[in-house]
Amino acid sequence: MLDMKYIRENLDEAERRLSTRGGDSVLGGFRELDEKRRTLLKEGEALKALRNTVSDLIGRTKDKSQVQDKILEMRDVSQKIKVLDEELNQVDEQLNYFLLTVPNLPHATTPIGRSEADNVVVRSWGEPKELPFTAKPHWDLGEELGILDFERGAKITGARFTLYRGAGARLERALINLMLDLHTGEHGYQEVLPPFMVNRDSMQGTGQLPKFEDDLFKLVDPEFYLIPTAEVPVTNIHRGEILKKTDLPISYCAYTPCFRREAGSYGKDTRGLIRQHQFNKVELVKFVHPSQSDAELETLTGHAEKVLQLLGLPYRVMALCSGDIGFSSAKTYDLEVWLPGQSCYREISSCSNFGEFQARRASIRFREDEKGKPEFVHTLNGSGLAAGRTLVAVLENYQQEDGSVLIPPALLPYMGGLERITR
RNA sequence: GGAGAGAUGGCCGAGUAGGUCGAAGGCGCUCGCCUGCUAAGCGAGUAUACUGGGAAACCGGUAUCGAGGGUUCGAAUCCCUCUCUCUCCGCCA
């Protein structure tokens, strides 16, 4: 959520910065709504002030017959207040909805661009492997090795659900454990295990609602939502809180499954594990002092990269352009891992700085000075990493000519002695 | 699922025959005084949001006692609905 005062005082600038995201003007109608609100507010509050003082007088008067006329007068005033309040509530609701649907301002360093094609390669690590034989995509490897059962996943639930078996299930768990151990042991994150369903307020706090309801799985009774990422429950840990400045930065990492409707992607990535309705992910979340968020995005991205480096998986870091960053994000780096089976780079992590956008929605603050006003913290998060896609990358990069898959050295301690997955 | 109790400021905790309660008191915290040091003691201060005025310091208004609605000139206090917490019983991993 943007600062209403900022929009009020810098409407043109805000509009210009938002326009770099593409699409239509988003701030139209704000001025009118805002002014209407303040007019109603002024009028209503003046009447309330009057009522308060007169009611006070009535209260002090012992003989109520002396103030009978005042009582009648205030009865009218209250009626007027009620009408104004109702009108104000409507305007507030509109304004609030409006504010909740305006995306974040792109960061000054976010490259300007229209689409994915305008994203910028920041750096690369490792050499995309040229295998000395025809590389298979992971769905073939997984089925042939009997570790990924797409048909049964579909039978049990439906399309985009997969049953992992044996070494496949073990490999996914190994990856999750490696990531958690790395981030908690080496990078200073506290591990948390949050609820996988959240309420509406939490979804609104991080920006999924009210705009992206279609992307979510929703439970009817009670009205909960399945989390599309651990970002939601973990960022909301501190919703409505004023944090101690000395506690910042706060760093959490969490393993959770993630549930996404993937509405509007019917034709895309229909094969394999790339686009599932349920997938596993280890997420990194930080609450930081506003002056530190730029630097923290770099370190957090580095923490995610470290996983790929440990696994020996070639990747590149992309700075997403203004037209491609998410609704709540000011700046995002995507990590894209090399997949020999598909001869392309695929997103495996997304690391974002949200500035105060989420903190304002969720009211997460701190005080610069003991007596100072509360200010919003900055929030960041990044996948460290998406486990399913990491498994894909391991299978495709470590496949052998005979169809077996070697276990990367970093995972050996987690695989119970298994060094190679074979049929 | 059945029966009961409760939700007040950073924390604890008053306030239930409606009025001067943004809210006593205590603790904590901040500043000052005092004091070989520490502790104790003394004094002052200590919520948030919106809004009006002001360059600012700051001053004024409104709202907030779990959330929403109602009664009333006026509600932390009365009524209704919801949420959450706790205790007992049942059930259950």
Side-chain angles (χ1 to χ4, degrees), chain A residues 1-9 30-100 193-205 209 218-225 233 236-248 250 257 356-377:
Chain A
M1 194 156 70
L2 302 185
D3 182 6
M4 196 161 65
K5 284 180 197 142
Y6 168 79
I7 301 177
R8 189 182 295 150
E9 286 157 21
F30 170 80
R31 185 86 75 192
E32 192 188 3
L33 216 49
D34 180 50
E35 273 166 18
K36 191 170 176 193
R37 167 171 173 271
R38 282 188 292 165
T39 306
L40 287 168
L41 201 61
K42 211 169 139 187
E43 213 177 323
E45 288 190 349
L47 287 177
K48 283 177 185 170
L50 172 70
R51 183 177 69 183
N52 284 347
T53 52
V54 174
S55 290
D56 192 54
L57 177 74
I58 294 171
R60 289 164 188 279
T61 307
K62 295 275 187 289
D63 181 0
K64 299 297 183 214
S65 66
Q66 283 180 14
V67 289
Q68 202 50 42
D69 55 330
K70 300 265 189 227
I71 290 178
L72 290 175
E73 198 186 324
M74 286 310 106
R75 195 174 289 176
D76 283 346
V77 169
S78 278
Q79 203 50 43
K80 281 182 194 148
I81 289 173
K82 199 175 172 185
V83 172
L84 284 171
D85 271 352
E86 273 165 20
E87 213 173 325
L88 180 64
N89 278 344
Q90 276 188 14
V91 173
D92 267 342
E93 220 166 277
Q94 286 176 47
L95 198 58
N96 205 353
Y97 182 79
F98 171 86
L99 286 172
L100 287 172
L193 183 58
F196 301 159
M197 304 174 200
V198 300
N199 58 33
R200 203 180 164 81
D201 284 345
S202 291
M203 281 297 184
Q204 192 168 92
L209 289 179
K218 182 179 183 179
L219 302 177
V220 175
D221 186 23
E223 274 194 34
F224 291 150
Y225 295 84
N236 277 283
I237 288 174
H238 295 299
R239 170 155 51 85
E241 295 183 10
I242 298 177
L243 304 169
K244 287 205 185 75
K245 187 188 176 189
T246 50
D247 289 341
L248 301 179
I250 296 173
E356 62 173 40
F357 188 83
Q358 291 182 326
R360 185 181 295 280
R361 287 178 159 246
S363 188
I364 306 169
R365 298 175 290 176
F366 77 103
R367 283 182 218 276
E368 186 64 57
D369 306 301
E370 292 281 357
K371 293 192 169 181
K373 283 220 159 273
E375 300 172 47
F376 293 108
V377 301

OP1 or OP2 of [N] versus the side-chain N and O atoms of [X]: is any pair under 4.0 Å?
X        : N     : answer
A:Ser78  : B:G74 : yes
A:Arg60  : B:U20 : no
A:Arg38  : B:G52 : yes
A:Arg367 : B:U48 : yes

Given B:G52, B:A49, B:C73, the nucleotide with the shortest approach to the side chain of A:Lys373: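 Nearest nucleotide to the side chain: B:A49.
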
Among B:G74, B:U48, B:C50, the one nearest A:Arg37 by side-chain distance: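 Output: B:C50.
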
Nearest heavy-atom neighbours spanning A:Gly205 and A:Arg361: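 Heavy-atom minimum between the residues: O-CB, 3.4 Å.
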
Closest non-hydrogen atom pair, A:Ser202 against A:Arg239: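 Closest approach of A:Ser202 to A:Arg239: OG-NH2, 2.8 Å.
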
Inter-residue atom distance A:Leu2.CG - A:Leu100.CG, 0.5 Å rounding: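 A:Leu2 CG to A:Leu100 CG: 10.5 Å, rounded to 0.5 Å.
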
Value rounded to 0.5 Å, distance of CD1 in A:Ile250 from CG in A:Leu248: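 Between atom CD1 of A:Ile250 and atom CG of A:Leu248 there are 5.5 Å.
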
A:Lys42 atom NZ, over 12 foreign heavy atoms within 6.0 Å: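 No, because the 6.0 Å sphere around NZ of A:Lys42 holds 12 heavy atoms or fewer from other groups.
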
If you look at every strand shown and take non-hydrogen atoms under 4.0 Å, does [X] touch a base, only sugar-phosphate, or nothing?
X        : result
A:Arg8   : sugar-phosphate
A:Lys82  : sugar-phosphate
A:Lys244 : nothing

Pairs: protein N or O with nucleotides 60-67 of chain B N or O, under 3.5 Å:
from  : atom 1 : to      : atom 2 : distance (Å)
B:G61 : N2     : A:Glu45 : OE1    : 3.1
B:G61 : N2     : A:Glu45 : OE2    : 3.3
B:U62 : OP1    : A:Asn52 : ND2    : 3.2
B:A63 : OP2    : A:Asn52 : ND2    : 3.3

Rounded interatomic separation in angstrom, taking CD from A:Glu241 and P from B:G10: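 From A:Glu241 CD to B:G10 P: 12 Å.
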
Pairing partner of B:G9 (Watson-Crick or G-U wobble, both distances under 3.5 Å):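 WC or wobble partner does not exist here.
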
